[in-house]
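One structure is given below, encoded as structure tokens.
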4 protein chains.
Amino acid sequence: MVLTTQLKERYQRVRRQSARICQPLEEEDYVVQPTGDVSPPKWHLGHTTWFFETFILSRQPGYRVFHPDYNYLFNSYYESIGARVVRTDRGNMSRPAVRDIYAYRAHVDEAMANFLESEAAETTEVRNLVELGFQHEQQHQELLVTDIQYILGHNPLFPVYAPLPPSAESPEDALETYSGVSEGVYPIGYGGDGFCFDNERGVHNVFLHPFRVANRLVTNGEYLQFMADGGYADFSHWLQEGWAWVKQNQVQAPLYWHKDQHWHHYTLHGPERVDPSAPVTHVSFYEADAYARWKGKRLPTEFEWEVACRQLNGEEIKGNFLESNLLHPTPGRAGDNQFFGDVWEWTNSAYLAYPYYQKPDGALGEYNGKFMINQMVLRGGSCATPRSHIRATYRNFFHPDKRWQFTGIRLAESI
Amino acid sequence: MVLTTQLKERYQRVRRQSARICQPLEEEDYVVQPTGDVSPPKWHLGHTTWFFETFILSRQPGYRVFHPDYNYLFNSYYESIGARVVRTDRGNMSRPAVRDIYAYRAHVDEAMANFLESEAAETTEVRNLVELGFQHEQQHQELLVTDIQYILGHNPLFPVYAPLPPSAESPEDALETYSGVSEGVYPIGYGGDGFCFDNERGVHNVFLHPFRVANRLVTNGEYLQFMADGGYADFSHWLQEGWAWVKQNQVQAPLYWHKDQHWHHYTLHGPERVDPSAPVTHVSFYEADAYARWKGKRLPTEFEWEVACRQLNGEEIKGNFLESNLLHPTPGRAGDNQFFGDVWEWTNSAYLAYPYYQKPDGALGEYNGKFMINQMVLRGGSCATPRSHIRATYRNFFHPDKRWQFTGIRLAESI
Amino acid sequence: MVLTTQLKERYQRVRRQSARICQPLEEEDYVVQPTGDVSPPKWHLGHTTWFFETFILSRQPGYRVFHPDYNYLFNSYYESIGARVVRTDRGNMSRPAVRDIYAYRAHVDEAMANFLESEAAETTEVRNLVELGFQHEQQHQELLVTDIQYILGHNPLFPVYAPLPPSAESPEDALETYSGVSEGVYPIGYGGDGFCFDNERGVHNVFLHPFRVANRLVTNGEYLQFMADGGYADFSHWLQEGWAWVKQNQVQAPLYWHKDQHWHHYTLHGPERVDPSAPVTHVSFYEADAYARWKGKRLPTEFEWEVACRQLNGEEIKGNFLESNLLHPTPGRAGDNQFFGDVWEWTNSAYLAYPYYQKPDGALGEYNGKFMINQMVLRGGSCATPRSHIRATYRNFFHPDKRWQFTGIRLAESI
Amino acid sequence: MVLTTQLKERYQRVRRQSARICQPLEEEDYVVQPTGDVSPPKWHLGHTTWFFETFILSRQPGYRVFHPDYNYLFNSYYESIGARVVRTDRGNMSRPAVRDIYAYRAHVDEAMANFLESEAAETTEVRNLVELGFQHEQQHQELLVTDIQYILGHNPLFPVYAPLPPSAESPEDALETYSGVSEGVYPIGYGGDGFCFDNERGVHNVFLHPFRVANRLVTNGEYLQFMADGGYADFSHWLQEGWAWVKQNQVQAPLYWHKDQHWHHYTLHGPERVDPSAPVTHVSFYEADAYARWKGKRLPTEFEWEVACRQLNGEEIKGNFLESNLLHPTPGRAGDNQFFGDVWEWTNSAYLAYPYYQKPDGALGEYNGKFMINQMVLRGGSCATPRSHIRATYRNFFHPDKRWQFTGIRLAESI
């Protein structure tokens, strides 16, 4: 009973968070999709609702589906669940209207509230599905933030999403130092009792040769040196496909950067001057890799990252997350190591299965496993990640050219 | 003074018509652009306003531009007027919000009302510009209707824009008959005192060999025979580029047609069963041309159309126009010849300059002349054309694969 | 009997001409297709042979097809004749080898020689088909020349196809003068007894308003003035699609032009300095049209061209043709009007059917009619056209962006 | 001195091998490039020659470059060495002619013969470069074979490259058995004295969990069961990008397979019936991965492969290589484990740097390192690999959709 109450409260908290993120939007902002990677905010709100409806409510006898066409509209990529709107057409769907989406959310929320009080909700399987629904919604909360930034940041009016919170004192720049990790066989993956995704499961050993890892993230100031040194014009720093990407897209700076007299970048608080002390963000894997090569270092592997995080940061999940409402990475202070929050950190590991990876049965088997090709792993969460969503073993993944997420750089080197 | 009052009233009437067309929309419908040819309704509302602001108000001392970025946002294709949002990005612009657009309209409407009372408004040049602004807005009213149909008709929910007006009695099918026009030299082009576009000017002679022209439009029933006879599967009816278009797009019926047990098509009143007596519409030039060849006839040239219209219809502009609110072509009754309204009629004439064509000076020289390549002429207006906008000499033009306008077929043959 | 001998000799003469054009090639040159418009020379040699085999020999009892797969390989665009290699794949076909193609030609030539002596060859229908085969082969001779130029001219080694013939004295520059044609109804189209294509048939009347036409072609020197005046950088001279074409392809000069210290262009004699007195060539319709607008003139219609040619040049077919072996346009001398030869002249007429156009039955109905959309008419033949192939009524046609043919400019103006 | 003689002989042997591979070709076959991955055989012959000229001869005083434009024509991807023909344009270059390429080879071979006798050739650095030239040429020998197969196998005439050698007795089918490898830390990478590529260097440890690996390759017969079971129609076996690849390319069988009454595939001996006992080849990583998932197994990692190869096969390099002239994988006999030769084996490892990877200085640093993204590792060599070219530590790499190499499948599973 207490558990049920807690679960219902958590349900409401998670669901309200999504609506809260959209609260500053104009209705028009909910609709558009300026690039294929981005989804319209109203699609995110509908899709996360569809997730609870499809995987939990629809399996309950007597549940009335809100609208028969919503499965077609809000299925993301589940082949098992049937046909769906082509991803790049999401921004062409003016209907359902925003208010219809909120009605859909209310309908499902009410049904979930009732369901969570029922006996049927007490099985482990259902509890796990509800938990997955929370985690899934949190992933889309991060996407809501980054997609809203993309939508507003590619509008010539550069609208402000939210005013900048009153700034804390500017910290002294943290020195760039490195910590060593010694050679050995280390366990990797999630072995606890809490929630984790299937792709983190199966604790297994990895042999690591000795390496050193930076105690903080690469800053804008450091990245500006790379730019000033002609980093975008010298092929020798770049992977071949990275160089082709630079040439084809005429890339000259991180996403959202514009040069006036000085470099500015669009943030959710509107255009701002680039802060040299803050971590660089909105860089692709190609840029992260080129920067590291230029610097004479390399990116850590995801295994090195996980071990270093445990050794240097410990178990505590602290940092600049969604809940800070800063919505932008902030300078690290001496002592911060920034393993969590601020920016997702590109690793030099391809997103592949762990040795004992088991794809779940049914449609949820499509959640993670089928993306294990051509993507690189990122670790640590960002300023748009809900704090309760991240872990040391969490494996995020994106194609190497993507940079509309809060993605940044931590350096490493072999010793 | 009376003139001024009339002009102000006309201004308000024309401008209100645009808002009236958008009245049934959800705010979300104003935003999207499901294909490059279509513009978001809010863009049309902004662009027609920009036209008055740019070509009239901005030239008046003391006029305060509503927003400095709107020129960039609402310029359509005027190279003379500067940079602009790429056409296919219009649907990515969530801002300005719909209410900002209406504020823009109110700002310009008020300034225009004041301006029209001023002495500066009394010159012929200005009167001509104001008239051009009306005509321009009317062109966009037609586009508003067809673009809204495209937006709603490509949404899986197939929303109803407006309920079907109570239907008149179903007319007896008009017989397909042909009238002859005898050989001779005929004057072509606009020679009157009223408004016309530059591309109609320069009355000149054309020699026509004798021909016959159908007394009404091709109907859905007739077109269904073409389909039933395998018209879309037999290359011999098609121009080569038309055949490639059919193959590449797997075209099997006019736009908006869906086959259930019977053929239905999406109209602004929602999906409806195809009426065999109504004129076929939403066909490309390729389809019109293939149908004519299958039938053993041909399309008229624009010169034949203009002469036949004068001989058979006379000067009266009658027919099913925007003002009927039917928003769909209707069956012709015996005696109707349907030269005006219902559907634009594809002709077998390329859109090229008349012998004495003069491109106007300045930015307005970009209005018509620069499009005189690779497009075919259409004549007569449609059920989405304001009645006061059309003339026998009016030359509309589209690429031969376009069919989201109300486009249809009239047959002809040489004798 | 005499007729048969003449026909056989003509057959051999035409067929040898194709081989003669290819004689300077390396075997490797026969194979490649550097752009979709160009076909490999061995394809032309095979296709023209296939034409005789398919439309004449295969209809004769007892004829043995040379190779069962050649129909698939050498059909160009005849849907009636069955499946074929995708056009852009022609350059991927290393086999049949060049010597196989020549064996194919020998096989068909021998069969044709026998056939032409048979009774079956004496019908008018067959004679017409043989004649069509000659004309068809001549069209491909022109394409062989222009395609070879494209192949060699896009090779970084810029190989010489044939040395420049000893040059005649450089003529004095012909003055640019204009001749008037008075208003009236004029007959258009071919009404003679000789061969013509279906698209020239059906003599009909056209009313022409008075106009003036230049007595010679636009020269490189004049075109260089357009370039020097920023012609490629000022949108106001260009059709909208022409301007997009300039921007997308970064066009700055005619095809084959390269700027060193001076402007050079690749010719079949290798790279040469551009001769200001010679007619400009390898310009698209867009360039021709923009030049005319810059100059304050316009292009003639195809009807104006045909009437002016008859009035100013008369019936004589004189000029710089394929037989001169110059393979490049040459400066006109005073008195030359250059209506024939040197360069095809872009007209401002779309390629459409004449009023009494009849598509031939069967596969040959696909020869001309199905291309009557989106192309512009050119008149007069070029330095790569066989002299016996051209007529005043001949209608050539290309899309407005094409310029690998010898295409140039004659100016006109209304009076 | 003995060393010099041996080196010269080896030089000649390697270089002759390339010419021998091309000996059965028609000149036309040397020229074409039916897809971007494939290069024209004459380009391979030129490029391997350019490699010796650029990296060895051009650095010697007094060496006369064969042709100043060949650097532009035959540079593959070395940004350090300057501009080059766009890769997809290689098949548009009819010149230099084949005989010019052989003259180029003769010129460089003579210069190399002289050079190898000089003192300058005796340094370790030069010896290493010469060795790299050999290995490089051997890589292109494999590409010559596979590219020739692509060129001939995509020609509708399906030409025979070489007759099938007299077949040995058909072996009894080897049973599919698995061998276990126990958990532990294993050394990976090349630590010997001979040649290896930079990407194999830096012996390092990898922890392996216990696994089992198949004793032979997956056969056509087994793959046909996957096909018969609807393997290409069931998304659940596929990675998401693999499924998109299947859909977009309508893939239904390995490359070169055609269904008549039975399945045939094009081999260099012409079309042949698919042999159920022979290893399946010309499958993409996507297909290999889907097959393994369907079978309830997985692909080995490259580390598992290397360790299993050492344990099960030992050091001996035996198998079906280029030298057998079979040019097609052959059924394994009981006892063969087929780790080497027949087909390259897809592993489930992304192509990434080893921990101690060092990119060489200068242009040769572009040889391997810059490709370390978005590609998967293959191991073991194929029937088109020269025997002396392969090692247990050799890392080949291709994008997961590529299948024109001899690529196949070995299964593994965790225990």
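Letters A, B, ... mirror the listed sequences (proteins, then strands); counts begin at 1.
- B/R20 CZ: more than 12 foreign heavy atoms inside a 6.0 Å radius.
- Within the 4.5 Å cutoff, side-chain heavy atoms of A/L157 are placed close to those of B/P96.
- At least one side-chain heavy atom of B/P156 sits less than 4.5 Å from a side-chain heavy atom of A/M93.
- When each of A/R99, A/K42, A/H154 is checked for heavy-atom pairs under 4.5 Å with chain B, A/R99 comes out on top.
- Taking a 6.0 Å sphere around CZ of A/R59, one finds it holds more than 12 heavy atoms contributed by other residues, nucleotides or ligands.
- The side-chain heavy atoms of B/V32 and A/V31, taken from C-beta on, include a pair separated by under 4.5 Å.
- Residue A/P40 does not touch chain B at all, counting heavy-atom pairs closer than 4.5 Å.
- Counting only heavy atoms from C-beta outward, the side chains of A/R95 and B/E26 approach each other to under 4.5 Å.
- Residues B/S94 and A/E27 fail the side-chain proximity criterion, which asks for heavy atoms closer than 4.5 Å.
- Contact residues of residues 69-80 of chain B toward chain A are B/D69, B/Y72, B/L73 (heavy-atom distance under 4.5 Å).
- For a residue to count as touching a neighbouring chain, one of its non-hydrogen atoms must lie under 4.5 Å from one of that chain's; by this rule A/Q33 touches chain B with the backbone only.
- Using a 4.5 Å heavy-atom threshold, the side chains of B/V98 and A/E28 count as touching.
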